[in-house]
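Written out below as structure tokens is the structure these notes cover.
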Amino acid sequence: MHKNVLITGGAGFIGSHLVHHFVRAYPQYQIINYDALTYAGNLENLSEVESAPNYRFVKGDVLDRELLQQVFKEHDITHVIHLAAESHVDRSIHDPLQFITTNVLGTVTLLQVARESWKSPEDHCFYHISTDEVFGSLGEEGFFTETTPYDPRSPYSASKASSDHFVRAFHHTYGLPVMVSNCSNNYGPYQFPEKLIPLMIRNIQLERPLPVYGDGTNVRDWLWVGDHIEAIDEIFHRGRIGETYNIGGHHEMRNIDLVRMLCLIMDELLDREPGTSAKLITYVKDRPGHDARYAIDPLKLMTELGWKPRVHPKEGLRRTAAWYLDNQDWLERVTSGAYQAYYERHYGG
Ligand code: NAD
Ligand code: TYD
């Protein structure tokens with residue numbers, strides 16, 4: 001069936017992988033990438049698909065209701081996959097209002113436009129991409145399931161939780177056809193080097209200190225970005241309207257263990273003596289309110305839609321490290337300009 005799919009945030013990390021995949025795998029769909037190109041959005045990520053006949057880019061803010069209305073009308077948008085967001089917890093601690101603006105008001109603006117534009121729920125879907133961080137923090141045992149009560153604890157997760165609630169509220173109140181997925185930490189190429197893995201890769205290469213927050217025992221459940229894209233594809237095509245799906249690969253790691261593993265991989269890739277990079281590990285002041293552990297139970301997605309993760313972190317981290325080493329120009333460009341100014345303002349260096 002033909003679909004006109006609006007992907008918001010398609011110039012960001014996960015969004016650019018999703019746009020690549022949809023443009024190539026579904027030539028019968030029209031893919032409209034709507035992105036404001038903040039510090040985290042980079043059209044260079046999409047150079048391989050920019051001239052594809054089924055791809056269009058629109059520079060726009062999810063808060064711009066008029067432009068969204070125009071885009072929905074002009075492209076007869078039938079489906080939305082909403083990724084546009086402010087996505088970094090540390091930034092949310094410094095500037096929570098920006099997160100409410102983009103993640104909450106932006107999502108509600110987009111929901112409103114979809115609701116006004118779609119005359120009936122038939123053949124439409126608003127698919128909202130969210131995070132496992134909305135569930136809060138786990139102790140040593142247990143997993144987040146789709147029915148775990150929300151307990152967000154950072155401004156970022158509070159803003160994503162709020163946006164999830166609005167998406168479901170539009171379903172229950174107005175009958176808007178929606179789906180939500182909550183995914184664990186992603187990693188892979190094109191991730192902005194403020195997040196743990198690309199930041200560590202870059203610092204190892206530059207022989208800078210590797211800042212591990214607190215005692216490094218916080219646990220994250222890491223998922224190769226390509227596995228997330230496959231899950232989104234399954235849910236988009238075969239998920240049930242009104243449902244939520246948790247996405248994660250049961251790849252839990254303590255931050256310090258992950259950083260040590262990356263150090264060994266980088267030593268090998270950079271031809272350094274094993275143990276050289278690990279000497280750069282530096283314990284720094286903990287993140288305020290640092291969530292102890294995230295871990296997803298993906299059973300529903302696996303049993304209902306047959307999804308399973310393919311890439312183990314050992315392999316995925318190696319691929320990621322090699323990609324960053326091979327794409328120095330990309331790294332230099334995204335770490336200059338707006339990002340650098342922000343970084344200096346907030347982190348002083
Ligand atoms: P990202 O920060 O790399 O990209 C965000 C994109 O959104 C950028 O291209 C940016 O330009 C765009 N954007 C920001 N504000 C906008 C606005 N007002 N209007 C239009 N576009 C705007 O983020 P990401 O890591 O790719 O995450 C994408 C989505 O997936 C987010 O909603 C995030 O909450 C969710 N998510 C991320 C992870 C993860 O590990 N990265 C895990 C689970 C869920
Ligand atoms: P991050 O990549 O920011 O993702 P999130 O906070 O959304 O999980 O951080 C992943 C983990 O790594 C988190 O526990 C915080 C920690 N961390 C560090 O120890 N040092 C760093 O420099 C960064 C950016 C994160």
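In what follows, every heavy atom counts, from backbone to side chain, and hydrogens, waters and symmetry copies are set aside. Just so you know, ligand 1 is whichever comes first in the structure, and atom 1 is the first atom listed for that ligand.
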Next item on the list: Check A321 against I201 and note the closest heavy-atom contact, atom names and distance.
Entry: CA-CD1, 3.7 Å

Margin query: Walk me through whether Q205 and Y324 qualify under side-chain hydrogen bond (donor to acceptor under 3.5 Å, both in side chains).
Written below: CA-CA 10 Å; Q205 196 198 359; Y324 279 91; over 6 Å; no

Next item on the list: Just need the protein heavy atom nearest to atom 43 (C) of ligand 1, so name the residue and atom and give the distance.
Entry: C183 O, 3.4 Å

Next item on the list: Measure the CG-OH distance between N182 and Y294 for me, rounded to the nearest 0.5 Å.
Entry: 12.5 Å

Margin query: I'd like to know if R333 pairs up with E44 as an ion pair, taking the criterion as any Lys NZ or Arg NE/NH1/NH2 lying under 4.0 Å from an Asp or Glu carboxylate oxygen.
Written below: yes

Notebook entry, point to check: For T38, is at least one N or O under 3.5 Å away from an N or O on ligand 1?
Noted result: yes

Next item on the list: From the options N42, I232, D61, select the one whose nearest heavy atom is closest to atom 18 (N) of ligand 1.
Entry: D61

Check: Should H82 be counted as touching ligand 1, given the test is an N or O pair under 3.5 Å?
Finding: no

Check: With only distance considered, is F13 within less than 3.5 Å of ligand 1 through an N or O on each side?
Finding: yes

Check: Can you name the residues that form a side chain to side chain donor-acceptor pair (under 3.5 Å) with D297, not counting sequence neighbours?
Finding: none

Notebook entry, point to check: Quick one: OG1 on T78 to CZ on F72, what's the gap to the nearest 0.5 Å?
Noted result: 9.5 Å

Could you pull out the N/O contacts under 3.5 angstrom between ligand 2 and the surrounding protein atoms?
unit_1, atom_1, unit_2, atom_2, d
ligand 2, 2 (O), L196, N, 2.9
ligand 2, 3 (O), H88, NE2, 3.4
ligand 2, 3 (O), R287, NH2, 3.1
ligand 2, 4 (O), N185, ND2, 3.4
ligand 2, 6 (O), R287, NH1, 2.5
ligand 2, 6 (O), R287, NH2, 3.2
ligand 2, 7 (O), E133, OE2, 2.6
ligand 2, 8 (O), N185, ND2, 2.9
ligand 2, 8 (O), R220, NE, 2.8
ligand 2, 12 (O), N255, ND2, 3.4
ligand 2, 14 (O), R220, NH2, 3.2
ligand 2, 14 (O), N255, ND2, 2.9
ligand 2, 14 (O), H290, NE2, 2.6
ligand 2, 19 (O), Y213, N, 2.8
ligand 2, 20 (N), P211, O, 2.7
ligand 2, 22 (O), P211, O, 3.4

Next item on the list: Using side chain to side chain contact (heavy atoms under 4.5 Å, CB included) as the criterion, point out the one residue from V225, L223, L317 that pairs with Y187.
Entry: L317

Next item on the list: Find all atoms of ligand 1 within a distance of less than 4.0 Å from any non-hydrogen atom belonging to N185, and give their numbers and elements.
Entry: 40 (O)

Check: Short N/O distance, under 3.5 Å, between Y39 and ligand 1?
Finding: no

Margin query: What I want to check is whether the side chains of W307 and D227 have a donor and an acceptor closer together than 3.5 Å.
Written below: no

Check: Which one of V62, T8, I14 has a non-hydrogen atom at the shortest distance from atom 38 (C) of ligand 1?
Finding: I14

Notebook entry, point to check: Is there side-chain contact between F57 and L43, with heavy atoms separated by less than 4.5 Å?
Noted result: yes

Next item on the list: With heavy atoms under 4.0 Å as the rule, classify the contact between H88 and ligand 1 as side chain, backbone, both or neither.
Entry: neither

Checklist line | Within-cut-off N or O pair, A36 and ligand 1, under 3.5 Å | finding: yes

Notebook entry, point to check: Y26 versus D233: any side-chain heavy-atom pair under 4.5 Å?
Noted result: yes

Check: What do you reckon, does S184 put a non-hydrogen atom under 4.0 Å from ligand 1?
Finding: yes

